[in-house]
Structures are given as C-alpha cells and as structure tokens.
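Any value given below was found using the heavy atoms of this structure, including those in side chains, with hydrogens, waters and symmetry copies removed. The sequence lines fix the lettering, A, B, ..., with proteins before strands; numbering per chain opens at 1.
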There are 2 protein chains.
Amino acid sequence: MATGRTHRPATRSRGIPEATVARLPLYLRALTALSERSVPTVSSEELAAAAGVNSAKLRKDFSYLGSYGTRGVGYDVEYLVYQISRELGLTQDWPVVIVGIGNLGAALANYGGFASRGFRVAALIDADPAMAGKPVAGIPVQHSDQLEKIIEDNGVSIGVIATPAGAAQPVCDRLVAAGITSILNFAPTVLSVPDGVDVRKVDLSIELQILAFHEQRKAGEGAAADAGAVPLAPKASRKGPDGDVPAVMPA
Amino acid sequence: MATGRTHRPATRSRGIPEATVARLPLYLRALTALSERSVPTVSSEELAAAAGVNSAKLRKDFSYLGSYGTRGVGYDVEYLVYQISRELGLTQDWPVVIVGIGNLGAALANYGGFASRGFRVAALIDADPAMAGKPVAGIPVQHSDQLEKIIEDNGVSIGVIATPAGAAQPVCDRLVAAGITSILNFAPTVLSVPDGVDVRKVDLSIELQILAFHEQRKAGEGAAADAGAVPLAPKASRKGPDGDVPAVMPA
DNA sequence: ATGTCTTTGTGAACGCGTGCACAAAGATGG
DNA sequence: CCATCTTTGTGCACGCGTTCACAAAGACAT
Ligand SMILES: NC(=O)c1ccc[n+]([C@@H]2O[C@H](COP(=O)([O-])OP(=O)(O)OC[C@H]3O[C@@H](n4cnc5c(N)ncnc54)[C@H](O)[C@@H]3O)[C@@H](O)[C@H]2O)c1
Ligand SMILES: NC(=O)c1ccc[n+]([C@@H]2O[C@H](COP(=O)([O-])OP(=O)(O)OC[C@H]3O[C@@H](n4cnc5c(N)ncnc54)[C@H](O)[C@@H]3O)[C@@H](O)[C@H]2O)c1
C-alpha cells in the first residue's frame, strides 16, 4: 500500500467511505474491460471476482453511490462506468505537473496510462538547468523557476513529486503555495501540508519491507540466519528485578 | 494507499497487526535519520511527530515488539533501529528480480534506495530478445527463458513485476511456479496467486483517481463542469425507465 | 531514601470496514 | 396475472485499528 492520506479523521467525504473510494478505480477498470468486450450487464458476483473483492462489499460500495443495479439481472456496465467516472471526477480533465524529471519522473512522463483516464501532463519541471528545454516524452522540461507560473496558467491542482527526498518538502511547499491541493509523493519523506491539501504517497521501499516481513515469517521462525550482534547494547537491558527484555524472541 | 495484499483475513502474523507492520518501515526511516545525527534517545512524542503518526499509536505498535522503552526517558535509538530491522527481516539480504525492463523497470533498477536496505537486485529480466545482454544500471538484462534458472540459482523469493498489464498474470504464474512467494506488482492488474504467496500492488492510476475524487469535492459541489445532477445522490437517484444515459466515457 | 517529574505501556471505548445472511425487488415464463 | 427464480440492497454482528486517558515505572534531584 503505498498510500496514505494526510491525517484526517477518515473524513468520510460526503457519505462515501474512504475504503470505498479506493476501490472505485478498481471496479472502473474491470467495468471498462467488460465494456470493451461489449458485455451489457454484470452481476455483483462476476464483477467482484474480476476486481478481486467480496461481492457483498461491492454491492455495499455501489449502494453508497445510489441504487444502480437491477435485481435479478445485475448492473448495466455502461451506466455504471459513467456513474463511477462521474463520482471520481473523471468526466473532467485534470492537468498534472510532475516535479523532478529523473529516472522515475521520466518513466512517469512516458507512462501511457497516465493520460488514459483524464489525467493530462501539463508540465514537467526540474531544478537542473541542464534539463531545461530538453524534451521528455515529447514534452519539454521546464525549470523550477517557472513552477508558480505554470501552475497558475494551467489551473493545475494535482502535483506529482519525484525529486530526491531532501527536495520533497521544499518542493511541496512551493506547490502548495502556488495553489496545488493534491499531491502524489514518490519521495521517501513524510510531507507536512496545511489542511485542505491531500497527500498520497507511493513508497517502494516500504512495500518491499512489508513483503520482507511476511517472507521472513514464511521462511520459518527458527531459521534465523543472523547471528549478528546487537549494534548497541541496550543501555537499559538490565531492567532491575523484573528483568526483562522479552528474550528478544529468536524463535 | 497503493497497496493491498491478496485477500487474507488480516492474518495478524504472529501477534503483530498488519497495520503496525506497515508503519514499522516508517519508524525505521525516522530512527535511521536520528541515528545519523547521533541522537541517543527519542520520546514517543518526538518520534511520532517525525513519522507523522499519533504517539499513542506508536507506543502501542512498539508494545507488540516488546517493551523497549524506558519510562521517563524514551527509546534508545540504536537499539530500536536494530529491533525493528530484525522484526522486518532486514538483517538479512533479500535478492530481488525485476521482470519487465521498460520505462518503469529501468527506473527501478536505477533506484538507489533499493539496495540501501538489504534488497539486492539479483537480476533484470525481459521478454524482448533485443534487450538481452544490454546493461541497465550496470546489470545485464537477461531473457525470460532464464527466469526459472535465475530464481533457483539465486534463491530469490521476491519478484517485482513491471511488465505491461497483459503479461502480468502469466509472468506472475511463472514466478510463483519458480518459487517466488512475494510479489510487488506495478501492472494495473488483479493478480491471482495461490495461498502462501503475498502480493502487494502499486498503482499510480488508482492513486491519481483517488486524488481526483477529493479534488472534485474540494472544487465545490456545484462548480463541476459535468451536467450531472447533484454530486451526491442521496440514494433515490434511480435510473429512469428511459434513463440509462449511454454516455460513453470521455476518456 | 524519598519525592517529584517525565514518559511509557495499556485498559477501555469507539468507529470503521467486512462479510454473512436474508428479505424484497424485479425479471422471466407459463 | 401469478409463480418461480435470480440477484440486489442492507441489517446486523464482529473484529481490527485508533485514540484517549491514566496508572505505574523509572530517572533524577535533594
Ligand atoms: N527510481 C525509482 O524507481 C524510485 C522508486 C521509488 C522511489 N523513488 C524516489 O523518487 C525520487 C526520484 O527518484 P529518481 O530515481 O528519479 O531520482 P533522480 O536523481 O534520477 O531524479 C531526481 C530529479 O529531481 C531533480 N531535482 C532535484 N531537486 C529538485 C528540486 N528542488 N526541484 C525540482 N527538481 C529537482 C533532479 O534534477 C533530478 O532530475 C526519489 O526521492 C526516490 O527516492 C524512486
Ligand atoms: N511508467 C510508469 O511510470 C508506470 C507507472 C505506473 C504503472 N506502470 C505500469 O508498469 C508497467 C510497465 O510500464 P512501462 O512504462 O515500464 O512499460 P514499457 O512498455 O516501457 O515496459 C514494459 C517492458 O516489459 C517487457 N515485457 C513485456 N512482456 C513481457 C513478459 N512477458 N516478460 C518479461 N518482460 C516483458 C517489455 O519488453 C518492456 O521492456 C505497465 O503495466 C504500466 O501500466 C508504469
């Protein structure tokens, strides 16, 4: 999960649970595939299978949007595609700026799936003067100096940060000051933003670490290969009478 | 959150809640930064602020690992770094294969943060014969034919999929058959895997759509460009007898 | 030792998310 | 028009995760 909004007490935005919102794109993808195959209707069971979720959950999710199904038949694919698209705000165009055109930023700029659903790369921005003017994915990179102007001129409200970690917060601050209210952050940093600004993060490193955790478990508890000594002896390891440090469970 | 394991009823692995596991890398990152600044101890309050979480939550998280703090003082930074690293399985080396060396795959291969925490790129694999032998990030790309052999020879258990969506499931199947038990999937597809295999996904498109949803809300309910009715249909917004707005998706 | 002050560790309450199970809606066929 | 059959929409219960609030643990000064 590379995800995470900035703290907000689960602001059930307008009655639609956050968990549901996160699944809508999943349903939409499955529905789009069905639509391309000209399938007219789907049952919650079929669609749920395609999206990899529980069918009851799917039905409940849709119930938050309204009752768009027909009992005994299922859901009208085209109609549902439209409803979900509208709910997600995909019926309008969202200009996006990408800041930090390095390895990752360039890959993102080249990513086709970006534009495929209403997200248009309005500009590529980098602090490196050498990059300025150089085209990436057919779009000339612009210098950071232009950041505020670009955002204002294009009415951009979504920004993607793909700069090194150290530059992320400053860049974020500038984006927010320039009017950006939604940020997708790829840098391994906790961004702090004012209320009203949404931040989601994608963190490869965290994902791998979570996988490693489960992998370690699967590998069997006792197979601990590390005999490595503790880097620093716990200074409080002598915990008086009750003596404790839970035996650092090696098993 | 661009994340999501394959369905498993929240298998509280060994007493540690999944939500806690997902935060451990966050704490570890903050702690590592403190360690580099030679800070000896931190209070839950300080560390929580650095990690962007609630301090009570942090303390409870740590309590699952054991009681490593000292009341009145806080936590020993070095010791905690070690404990969390061990818990996450980062005291050992995890060889990783990346399959699909295109825009994204190449960026991942070039990503420094990859190796920085025990994850070693064991091999880059692509189906394109033209790519074979070509070095990316200093590592020669190998052809898919070698996939099984590579995994076996290197004892790889973690695989990263960065192929086009259509190739993801077949590639996944081969990885699993070859012995991979943890997969990080960047392709926009729902992968189906046997029990015992963990899948986490990173989906840029979903993240953007979630941001768009909130952005639309922020933009003011009425200011939307779509001719649609009220953004929120309380529920009775039934589809008319003649309704069925065909309205093909504009994207 | 004793008292004070800081900070942990956790009991308890609460809210969200999930999934079961079923009544009701509606299609379909006779 | 009625019976039957399919599938939705949702009430309900349960468990996970979050947060508050506080007792107790321990450091530190006297
Ligand atoms: N490459 C990956 O696969 C990958 C994966 C996960 C996370 N990340 C993270 O994404 C970020 C970018 O990674 P990368 O591999 O593309 O790094 P990179 O060094 O290749 O690119 C960074 C780019 O940001 C630009 N930049 C630096 N400071 C800037 C500023 N203040 N304003 C605008 N641009 C600035 C640099 O000129 C450079 O072009 C890093 O934080 C990295 O940790 C990368
Ligand atoms: N580029 C991005 O920023 C980005 C962002 C999010 C998601 N994605 C997803 O990541 C995936 C890769 O994106 P990309 O932009 O790198 O695409 P790409 O076309 O540049 O690269 C895909 C690579 O996979 C290889 N490939 C195809 N079939 C294969 C197979 N069966 N086995 C091994 N390799 C195979 C191709 O030869 C190619 O090198 C896509 O599914 C895309 O939707 C990309």
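Contacts of Tyr75(A) with the nucleic acid, taken as non-hydrogen atoms under 4.0 Å apart, involve only primed sugar atoms and P, OP1 or OP2.
A donor-acceptor pair is defined here as one N or O able to donate and one able to accept, closer than 3.5 Å; no such pair exists between the side chain of Ser35(A) and the backbone of Leu31(A). Between the side chain of Glu207(A) and the backbone N or O of Lys201(B), no donor-acceptor pair lies under 3.5 Å.
Residue order along DNA chain C, read from the 5' end via each residue's closest nucleotide, puts Phe62(B) first among Ala19(A) and Phe62(B).
For dG11(D), the OP1/OP2 oxygens have no side-chain nitrogen or oxygen of Arg59(A) closer than 4.0 Å. Using a 4.0 Å cut-off, no side-chain N or O of Ser43(B) falls inside it from OP1 or OP2 of dT7(C). In terms of phosphate contacts, Lys57(A) brings a side-chain nitrogen or oxygen within less than 4.0 Å of OP1 or OP2 of dG19(C).
Judged by distance alone with a 3.5 Å cut-off, a donor-acceptor contact links the side chain of Arg71(A) to the base of dT8(D). Checked by distance alone, Lys60(B) brings a side-chain donor or acceptor within 3.5 Å of a matching partner on the base of dT19(D).
As a whole-Å value, the separation of Leu58(A) CG from dG19(C) P is 12 Å. Between the CG atom of Leu80(A) and the C1' atom of dT8(D) there is a distance of 13 Å, given to the nearest Å. Nucleotide dT18(D) holds its P atom 12 Å from the CD atom of Glu18(B), rounded to whole Å. Between Arg23(B) atom CZ and dC16(D) atom C1' the separation is 11 Å, expressed in whole Å. Spacing between atom CG of Asn54(A) and atom C1' of dT18(C) amounts to 7 Å, rounded to whole angstrom units. Rounded to a whole Å, the CG atom of Asp61(A) is 14 Å from the P atom of dT8(D). For the pair Leu47(A) CG and dT7(D) P, the computed distance is 14 Å after rounding to whole Å. Computed from coordinates, the Tyr68(A) OH to dG26(C) P distance equals 16 Å when rounded to whole Å.
Of the candidate nucleotides dA27(D), dG17(C), dT7(C), dA27(D) has the atom lying nearest to any side-chain atom of Thr70(B). Closest to the side chain of Ala56(B), out of dT19(D), dA24(C), dG17(C), is dT19(D).
A salt bridge is absent between Asp93(A) and Arg117(A): the closest approach of a Lys/Arg side-chain nitrogen to an acidic carboxylate oxygen does not fall below 4.0 angstrom. Checked for salt-bridge contact, Glu87(B) and Arg217(A) meet the test: a charged N lies under 4.0 Å from a carboxylate O.
Looking only at atom types and distance, the side chain of Tyr82(B) has no donor-acceptor partner in the side chain of Glu78(B) under 3.5 Å away.
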